[in-house]
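Being a predicted model, the structure only gives us computed values, none of them experimental.
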Amino acid sequence: MTKSSNDRQFRPVAVPDVELGGFWGKWQDAVCNSTAETLLDRCVEAGMLKAIDVSQPSPGVVIPIQPWGGTTQMFWDSDLGKSIETIAYSLYRRPNPKLEARADEIIDMYERLQDKDGYLNAWFQRVEPARRWTNLRDHHELYCAGHLMEAAVAYYQATGKRKLLDIMCRFADYMITMFGHREGQLPGYCGHEEVELALVKLARVTGEKKYLELSKFFIDERGTEPHFFTAEAARDGRSAADFHQKTYEYGQAHQPVREQTKVVGHAVRAMYLYSGMADIATEYKDDSLTAALETLWDDLTTKQMYITGGIGPAASNEGFTDYYDLPNATAYAETCASVGLVFWASRMLGRGPDRRYADIMEQALYNGALPGLSTDGKTFFYDNPLESAGKHHRWKWHHCPCCPPNIARLVTSIGSYMYAVADDEIAVHLYGESTARLKLANGAEVELEQTTNYPWDGAVAFTTRLKTPAKFALSLRIPDWAEGATLSVNGEMLDLAANIRDGYARIDRQWADGDRVALSLPLSLRPQYANPKVRQDAGRVALMRGPLVYCVETTDNGEDLNAIVLPRKLPAAETVVLKDLNDAVALDLKVEREETSNWGTPLYRNAPAERQVATARFVPYHLWDNRAPGEMLVWVQSDK
């Protein structure tokens, strides 16, 4: 049976229903202590509040119009939206009346800014009011609306306050009148996808199916002929061919979505589109969408993804190039793109647990997205190379500050990605110290305590808290890398192979209060080799332990990291706990090291460098550049 014929519907658990400790608790504390307020402060410094404050004159164009015909100032609503979303999630973990009051003030400003018909966009109300809905291809109107919708849902769930939710429902209701095939309507969609997945969130929290229908409309219309962007350009007096990227592939609008088979264009846009498609596939049980997504998933993960779960190697289009083109030092691998891959993978699990999606979700989360945030929550990566000569560092802000609030909102909402619930089943996709409050369709209320030091340790235990016994299935992901995993219930070992379904151990039974499930996931060190078609990794090896990619840094190993040579047969690794890196587990390995000091003056010579036995320390890639600046390398030389 293929996944597309599966009629189960799994929906994520609301963020307030999961409390985190351990690994993710520390990251959430960093956001609560620093990032949430930092985001808001830097939005204010950039002038974003002046842009929405109708009591002040319009600030006009603060960031100049760029060659593509717009400015990143057009996206300010999205930056404020993601920042409010981050604040919402942080408030649930740690009440902060001052921060909440600041968010309330911004929401009040948006309420005053909103037009009577429901329209809301700071740029097109305050700077270019005559340009509303004239260039959906480039100007991000619906994209900005989507991020404000997500903020509205989050803020409502975390605080119970409906004001922003009501504002965005009014805007969505207005969109329903604006978009469609009736006379006077626009048969269009946004050049930068995002509103599709946001409308699904709005539908789920309000129970209004009309928002699902609008999301489905945007998805169904994308890439159809006659092409909306071509007609739009003609109406606006623009040349349809004369735009920055010169191809509709950039925004995945080159074909109807069900006909697309190759992942192309801008990486973040692609991930947001596929996330929306997966949500609609779940809500409508649409096998045609699921089938298209399965094809696109395989295309991405077998030909176009870094070992870190980073995607989009090129800065030129912030996106995809050719198959197996995965340069390390120049890797773009935008933080937002890996965040988007986590979104997409999570939504592919909406039609049932499947390890091939959850494993990649975890890989992209730990190694592609999380590097975008420093351990203190104050500095950020926009792009994420897998090799650095020592000049790549986190920054405080960016002219296009999409990544800081994106990784912050993901970290603070991670509980909703760990667990999902169907009518009679609980799926655990990610492991981490947590307590989840879950409600099944049969009325059973379950509190599930997860105790673990994952990802540093592979021992995971679950304890059920139930007022009355209940029958349901508990499905636990067994990662593909976890060879030799074991599972027991109340001390009785289970035959893991007999209970595996799509990579998940499914335990279907009558559960009682205090039942205990113990899962052991061996965290053996594994060498990883790239497909020989990836020319940039020829003759090199990367190391993983559990879900984590490891790297070497100058801080631990001195300079000339390219001189490190790993033996083909990996030696036993000594684990070391690094107190200055959130108690991370580092790995010390015996290696060989090419001599660089006694090479002499020639640039080239007829004998290779001599080698000496040495010890190399590998640290989790997501933690690099948190200490002294220096070189970094993921793919090290492999001995023949």
Side-chain angles (χ1 to χ4, degrees), residues 1 3 6 8 10 13 18 21-23 345 348-363 415 417-442 444-524 526 544-547:
M1 183 172 77
K3 186 60 58 184
N6 196 328
R8 291 184 296 167
F10 282 78
V13 176
V18 184
F23 179 91
M348 291 299 285
L349 297 165
R351 305 197 76 187
D354 190 324
R355 180 169 68 194
R356 61 180 165 153
Y357 303 123
D359 277 3
I360 296 292
M361 175 169 70
E362 182 176 62
Q363 190 172 350
Y417 296 85
M418 296 173 75
Y419 301 92
V421 176
D423 288 347
D424 58 354
E425 185 171 350
I426 297 168
V428 182
H429 301 310
L430 298 171
Y431 298 112
E433 182 91 17
S434 56
T435 300
R437 291 174 293 277
L438 312 165
K439 189 167 185 177
L440 302 176
N442 59 16
E445 294 186 12
V446 184
E447 187 172 282
L448 199 60
E449 289 181 13
Q450 184 180 167
T451 308
T452 182
N453 193 29
Y454 192 87
W456 312 124
D457 189 291
V460 186
F462 294 91
T463 305
T464 58
R465 301 295 179 205
L466 291 161
K467 291 180 180 177
T468 56
K471 190 176 189 312
F472 59 88
L474 178 64
S475 288
L476 307 177
R477 178 176 60 97
I478 310 299
D480 187 53
W481 47 259
E483 291 185 22
T486 61
L487 182 66
S488 67
V489 178
N490 296 331
E492 182 179 341
M493 299 300 294
L494 294 189
D495 180 349
L496 201 54
N499 289 281
I500 290 285
R501 177 176 174 180
D502 293 324
Y504 280 66
R506 192 170 192 270
I507 314 168
D508 194 351
R509 69 194 296 272
Q510 184 86 3
W511 296 89
D513 183 57
D515 280 344
R516 181 177 169 85
V517 178
L519 175 64
S520 175
L521 302 172
L523 301 182
S524 56
R526 345 188 270 290
M544 292 189 74
R545 180 179 184 265

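- Environment of CZ in Arg465: crowded, with over 12 heavy atoms of neighbouring residues, nucleotides or ligands closer than 6.0 Å.
- Once rounded to the nearest 0.5 Å, the distance linking CG of Leu487 with CZ of Phe462 reads 9.5 Å.
- Summarising the geometry of Tyr431 relative to Met418, their closest heavy-atom pair is C-CE, 3.8 Å, with the distance given to 0.1 Å.
- Considering CG of Asp359 and CZ of Arg477, their distance stands at 5.0 Å, rounded to 0.5 Å.
- Between Ala505 and Leu496 the shortest heavy-atom distance is CB-CD1, 3.8 Å.
- In summary, Arg356 and Asp502 do not engage in a salt bridge, as defined by a charged side-chain N under 4.0 Å from a carboxylate O.
- Heavy atoms from other residues, nucleotides or ligands lying under 6.0 Å from CD of Gln510 number more than 12.
- Classification of Glu445 and Lys467 as a salt-bridged pair fails, no side-chain N sitting under 4.0 Å from a carboxylate O.
- Under a 3.5 Å cut-off, the side chain of Arg355 and the backbone N or O of Ile478 do form a donor-acceptor pair.
- Counted by atom type alone, Ser524 and Glu483 present zero donor-acceptor pairs between their side chains at under 3.5 Å.
- Remark: the backbone N or O of Thr451 is not paired with any side-chain donor or acceptor of Glu433 at under 3.5 angstrom.
- Atom CZ of Arg506 and atom CG of Leu474 lie 10.0 Å apart (nearest 0.5 Å).
- For the pair Asn499/Ile507, no side-chain contact is recorded, criterion being any heavy-atom separation below 4.5 Å from C-beta on.
- No side-chain donor-acceptor contact under 3.5 Å links Ser520 to the backbone of Ala485.
- Checked by atom type and distance alone, the side chain of Gln450 never pairs as donor or acceptor with a backbone atom of Ser434 at under 3.5 Å.
- A heavy-atom distance below 4.5 Å is found between the side chains of Val446 and Phe472.
- Residue Arg526 comes nearest to Gly546 through the heavy atom pair NH1-O, 2.9 Å, listed as atom of the first residue, atom of the second, then distance.
- Considering every non-hydrogen atom in both Leu466 and Asp513, the closest pair reads N-OD1, 3.0 Å.
- Scanning all heavy atoms of the two residues, the minimum distance from Arg545 to Pro455 falls at NH1-O, 4.2 Å.
- Around atom NZ of Lys471, more than 12 heavy atoms belonging to other residues, nucleotides or ligands sit under 6.0 Å away.
- The backbone N or O of Ala512 lies less than 3.5 Å from a partner atom in the side chain of Thr464, making a donor-acceptor pair.
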Give the C-alpha distance, both sets of side-chain angles, the deciding distance and a yes or no for side chain to side chain contact (heavy atoms under 4.5 Å, CB included) between Val18 and Tyr419.
-> CA-CA 9 Å; Val18 184; Tyr419 301 92; 4.0 Å; yes
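- Residues Ser475 and Glu425 approach most closely at OG-OE2, 2.6 Å, considering heavy atoms.
- Between His429 and Tyr504, the ring planes lie perpendicular to each other; the angle is over 60°, past the 30° to 60° tilted range.
- Counting only heavy atoms from C-beta outward, the side chains of Met493 and Thr486 approach each other to under 4.5 Å.
- Atom-to-atom distance recorded for Leu448:CG and Thr435:OG1 is 8.5 Å, nearest 0.5 angstrom.
- Leu494 contributes atom CG, which lies 10.5 Å from atom CG of Leu519 (distance to the nearest 0.5 angstrom).
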Derivation of the side chain to side chain contact (heavy atoms under 4.5 Å, CB included) call for Tyr417 and Leu349 | CA-CA 10 Å; Tyr417 296 85; Leu349 297 165; over 6 Å; no
Verdict with supporting geometry, Trp481 and Leu523, side chain to side chain contact (heavy atoms under 4.5 Å, CB included) = CA-CA 8 Å; Trp481 47 259; Leu523 301 182; 3.6 Å; yes
